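Data block below; observations after.
This one's a predicted model, so the numbers in the text were calculated from it and none came from an experiment. Whatever order the structure lists them in is the order used to number ligands and atoms, beginning at 1. For reference, positions follow the sequence shown, starting with 1.
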Amino acid sequence: MVRQVAFSSDKNSRRRITVFDTTLRDGEQTPGVSFTPSDKIEIAHQLSDIGVHIIEAGFPASSADEYSTVKAIAAENLDVIICGLARSVKQDVDRCIDAGVDMVHVFIPTSEVQRIHTIRKSHEEVVAITGDIVRYARDHADKVLFSAMDATRTGIPELIEVYTAAVEAGATAINVPDTVGVATPTFMQAMIGALRPKIPVTIDVHCHNDFGMATANTISAVEAGADQVQVTVNGIGERAGNADLACTVMVIESIFGCNTGIKTERLVETSRMISRFSGIMVPPTYPVTGEFAFSHESGIHSQGVIENSSTFEPGIMTPEMVGHRRRLKLGKHVGRHAVREMLSQVHISPDDAQMDEIISRIKQISSKGKKVTEHDLYEIAETVTGMSTGGRYVELVDIAIMTGNHMIPTATVRARVNGVEEVCCRTGNGAVDAAIKALIGTVPKPATLKEFHISAISEGSDAIGHVTLVVEDEKGRVFDAAASGDDVVLASTEAMINAINMVYRNGRNNH
Ligand code: KIV
Ligand code: ZN
């Protein structure tokens, strides 16, 4: 039986865990990721809006650009503590102070391997430098966080000495980094358990994900008495990344019943924003924020969740709590309950024989490795039952696109919308963007494009492109559709038409 914590209904009376987000610093150290200054300001606003307590905005001494971006973020006067990273040298601390941060985060390597091969200092020298630099930083800043880099490969007695020097010099918090991700949850629990009675200030943890245990180690540290967690959105960061913000927060909130102050219903939106800015997509099966985190395909599971969602979901974490949606998916494990439920939305009620045929066709398509969308289901159901799911609300008459290296991509779409011809011309970032915008412009109740993926399903410059997309209607309902073709613009247009027709078919229920 999983341990269930009895939560106080008053969130403010629960144990408070502080969220320190380092997406803009460690997150930007992800190979290939580089946020522009305006991306960083937008991300800082988002993090502040969702209730992050501390944002590590960057490492001001690392470059002139980094310095000016940290300064610009600090000047936004967000309702959040802005922190800057500094090596244990006065010039770095000065750069943080000049950038206007509220908190200086100084670090020094403490493990033997890093002391010998990076800074070439003895343990005694490290203790002395720590006292001096923390005192200097504290003379200039109200909040000083001290990190013993590679703490999890440092002996506990040495760690206690270095952290004690930091606290005596005025550190307001100490951080225990698992710099190379070698800790395990039991190790982390023992280390924090040993430090907790000796450290009278906030204990913060910063776990890397080299063995896939960053979030588990962070959670264990909290169980052992850590007060603050360092995380990044989508777990991005150096090498295999850091503990993930959404997963860490949801365990702390939903399983431990502690309070992070995070507006959890904005976690999915925040994850998508960082995917967009970083160019790193989260895998669909990623916990909490991944596309499939609340999707059900197998017949047994779908039947269960239709009856009671807690049958095959954690229950203590619902899709609504994290800004996600529950989806029933079509595939080779699909069952009658899910199909019946989905078809009832478009007023189709197949008899048993028709249902067998619909399911067999879905399974046939997916056994060829193809994704089956709701649009595919409706097409199959129309063919099998002879009933209409609402017809083709939008039909493309023609599309013309102009693009080139010296012009703004422009698309003109002529479409028959509910029997009436409409024309719309739009510009876009590229041919696909312009085509989709022009198409949306032809319909009165626009659907919002939420996700768009394109992949090549054959090789060469004439490869077949497969487009899948998700749209949201004005009631917040989402629909997916797909199309393939050797012209990616036309395939994208077809997928969007399919999606718009889905929105209108389902809208028939509400007119
Ligand atoms: O991984 C690490 O040790 C760090 C420190 C700067 C805290 O990122
Ligand atoms: Zn790190």
Near the Zn ion (ligand 2), which protein N/O/S atoms fall under 2.8 Å?
Asp26 OD2, His206 NE2, His208 NE2

What orientation do Phe59 and Phe107 show, parallel under 30°, tilted 30 to 60°, or perpendicular over 60°?
perpendicular

Polar contact flag, side-chain donor to acceptor under 3.5 angstrom, [X]-[Y]:
{"X": "Ser275", "Y": "Asn234", "answer": "yes"}
{"X": "Asp39", "Y": "Thr36", "answer": "yes"}
{"X": "Arg95", "Y": "Gln91", "answer": "no"}
{"X": "Glu238", "Y": "His208", "answer": "no"}
{"X": "Asp65", "Y": "Ser63", "answer": "no"}
{"X": "Glu125", "Y": "Ser122", "answer": "yes"}
{"X": "Gln230", "Y": "Asn242", "answer": "no"}

Member of Thr289, Val52, Leu245 meeting the side-chain contact (heavy atoms from CB on, under 4.5 Å) criterion with Val233:
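For Val233, the side-chain contact (heavy atoms from CB on, under 4.5 Å) test succeeds with only one of Thr289, Val52, Leu245, which is Leu245.
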
Near Ser147 (heavy-atom distance under 4.0 Å), the atoms of ligand 1 are 7 (C)

Only heavy atoms of Met149, strictly under 4.0 Å: list the atoms of ligand 1 that pass.
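Listed by number with element: 3 (O).
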
Does an N or O anywhere in Asn175 fall below 3.5 Å from an N or O of ligand 1?
no

Could you tell me the residue and atom name of the protein heavy atom closest to atom 3 (O) of ligand 1, and the distance to it rounded to 0.1 Å?
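Result: Thr179 OG1, 2.6 Å.
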
Can you pull out the closest protein heavy atom to atom 4 (C) of ligand 1? Residue, atom name and distance to 0.1 Å, please.
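It is His206 NE2, 3.5 Å.
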
Please determine whether any non-hydrogen atom of Arg25 lies less than 4.0 Å from an atom of ligand 1.
yes

Test applied, side-chain hydrogen bond (donor to acceptor under 3.5 Å, both in side chains); reference residue, Thr152; option that passes from Thr179, Asn217, Thr184, Asp178:
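With Thr152 as partner, Thr179, Asn217, Thr184, Asp178 yield a single side-chain hydrogen bond (donor to acceptor under 3.5 Å, both in side chains), made by Asp178.
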
Which bit of Asp26 is near ligand 1, meaning a heavy atom under 4.0 Å away: side chain, backbone, both or neither?
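The part of Asp26 near ligand 1 is the side chain, not the backbone.
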
Ligand 1 versus His208, non-hydrogen atoms closer than 4.0 Å: side chain, backbone, both, neither?
side chain

